[in-house]
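In what follows, chains are A, B, ... by sequence order, proteins preceding strands, each numbered from 1.
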2 protein chains.
Amino acid sequence: MTKDISITEQRPYHHGDLHRAIVEAALSVLSESQSTEFSLRELARRAGVSHNAPYKHFADKRELLAAVSAVGFELLAKRMADATKELDSPRERLAAIARAYVCGGVNNPALYRLMFGGYLGGQDNGRPAIERTAAHSMKAVVVEAICDGALGRVIPNSAANTRTIDGAILIFWSQMHGLTLLLVDSLVGPSGKIEELSEGVLQGMLDGLANCIPEVPVGVWVGPPPAE
Amino acid sequence: MTKDISITEQRPYHHGDLHRAIVEAALSVLSESQSTEFSLRELARRAGVSHNAPYKHFADKRELLAAVSAVGFELLAKRMADATKELDSPRERLAAIARAYVCGGVNNPALYRLMFGGYLGGQDNGRPAIERTAAHSMKAVVVEAICDGALGRVIPNSAANTRTIDGAILIFWSQMHGLTLLLVDSLVGPSGKIEELSEGVLQGMLDGLANCIPEVPVGVWVGPPPAE
DNA sequence: GGCAGGAGTAGACAATGTCAACATCCCGGA
DNA sequence: TCCGGGATGTTGACATTGTCTACTCCTGCC
């Protein structure tokens, strides 16, 4: 009786690629509402399936969020990689990466917050593997740019330079991360000056980084994510 | 019939200071669970009142969160202010403020995330006034330290220096903000080296800041929060 | 002394995350 | 060719949550 095909041929019983559909719905809702508080049921509705169908693809909401977050990291990595194309000066390339990073966060704050807002375990270790992997590949883009000579000298990505690279990454990343979030929160402004502002911070940081690079301490986690 | 005083004298019908009790309960839950997803009803339970009593003191959950966030800003301001006591060197005072800032965030990540996680309007303008006020008084501590000569020269807090001060604030704040969040997310580690790491970033930033200070662009919002 | 209104309570509602039981479809082995 | 099992979807249920409305209790003020 449930086989009552009312109008035209309704979608087949099986969706086909619900996993992807749900993640995309989440990205849409995230962009539109700019709120991280959407419901699984809403996504199911958008995908045209019952409220419980997503559970066949994600163990729980957290796992779905992690998948979305992972896409966010991939998008960011791609943005940054693309930004370095057709640029020769290593320093300019690192600067371009920084701009792409901040820009990506500012353009979709809700997604950026999802990636870094601690909706997962709080600890990186608590993040599902899929997300950690994506985050690491994003970081690799930065590592490469720094080793490339962006700070005034080429730094071979060898064990001997781990300390130097780790330190540079930490300074670079935390500065960009903080700037992005302050911009997103509108805690700095007026908004018309955002690019000029960011540019000043960026160039200042690169100068400072180039100077203090050799003395930077050790310990940042760089390289493949630690095994579980 | 509801007047059945069962055991000893039960608490009086009126709580006395429920507003404060609810905020404190929220701070407790936040510290304990390190999750920002607690329920209003849970707070009411802790305070020993009915699930609707909090609504006599807060219009909705968002307003309660804003109040908690405001307390967070006040605590942070106090921490930073205390950290500068008994320190003479302006630079050391600014460094102490930075350490206090990062430390405060790392010690209670959930609270820090509540303050900056965009659970409010996303935009600073969307934040309730009480919270903006608290955030501003926190920022004032930093402004004072910078003007004090922490960067190698005294910068009178006058209109003529707005650009310089604003720029310094932005660099300083975004670096500390980003560092705090990376530490909280355990995206850098190992944790044993956190202090050493932070110290490196901090000193590097102060050096860089002192150098590039004069050229920093304009536009950061500093001063009393803009009128609604 | 009484009354207005602030403070707290009880009950209801829709929405949500998640569980369990059932339905439908597709694919590989007999 | 048939069939049965597993993956995928559906329906229904449940506890929990934010919030609304109506009610009760108590306190301060005229």
Atom NZ of K61(A): over 12 foreign heavy atoms under 6.0 Å: yes
Sugar-phosphate, base or nothing in reach of K56(A), heavy atoms under 4.0 Å: base
Closest to side chain of S50(A), choosing from dT10(D), dA13(D), dT9(C): dT10(D)
Between dT10(D) (C1') and L18(A) (CG): distance, integer Å: 13 Å
Whole-Å gap separating C1' (dT17(D)) and CZ (F58(B)): 18 Å
Residue mapping more 5' on DNA chain D - nearest nucleotide basis, A53(A) or F38(B): A53(A)
Distance in angstrom units between L40(A) CG and dT18(C) C1', rounded: 10 Å
Separation of atom CG in N52(B) from atom P in dC23(D), rounded to whole Å: 15 Å
N or O in side chain of R45(B) less than 4.0 angstrom from dT16(D) OP1/OP2: no
OP1 or OP2 of dT18(C) under 4.0 Å from side-chain N/O of R62(A): no
Enclosure of E37(A) CD (heavy-atom neighbours >12, cutoff 6.0 Å): no
Check: D185(A) and R127(B) side chains under 4.5 Å, non-hydrogen atoms: yes
Shortest non-hydrogen contact from S31(B) toward N108(B): OG-ND2, 3.4 Å
Nearest-nucleotide comparison on DNA chain D, the residue closer to the 5′ end among D17(A) and H51(A): D17(A)
Phosphate OP1/OP2 of dG8(C) contacted by H57(B) side-chain N/O (<4.0 Å): yes
Modelled atom types, side-chain donor and acceptor of E74(B) and S137(B), under 3.5 Å: no
Nearest-Å distance for atom pair CZ/P, residues R41(A) and dG12(D): 13 Å
Under 4.0 angstrom between S39(B) side-chain N/O and dT17(D) OP1 or OP2: yes
Under the ring pair (Phe, Tyr, Trp, His ring centres under 6.0 Å) test, residues paired with Y55(B) that sit two or more places apart: none
Residues from residues 23-33 of chain A lying under 4.0 Å of DNA chain D - heavy atoms: none
Distance, rounded to the nearest Å, where E63(A) contributes CD and dT18(C) contributes C1': 14 Å
Interatomic distance, K61(B) NZ vs dG18(D) P [rounded to whole Å]: 4 Å
Qualifying residues under ring pair (Phe, Tyr, Trp, His ring centres under 6.0 Å), relative to F38(A), sequence neighbours excluded: none
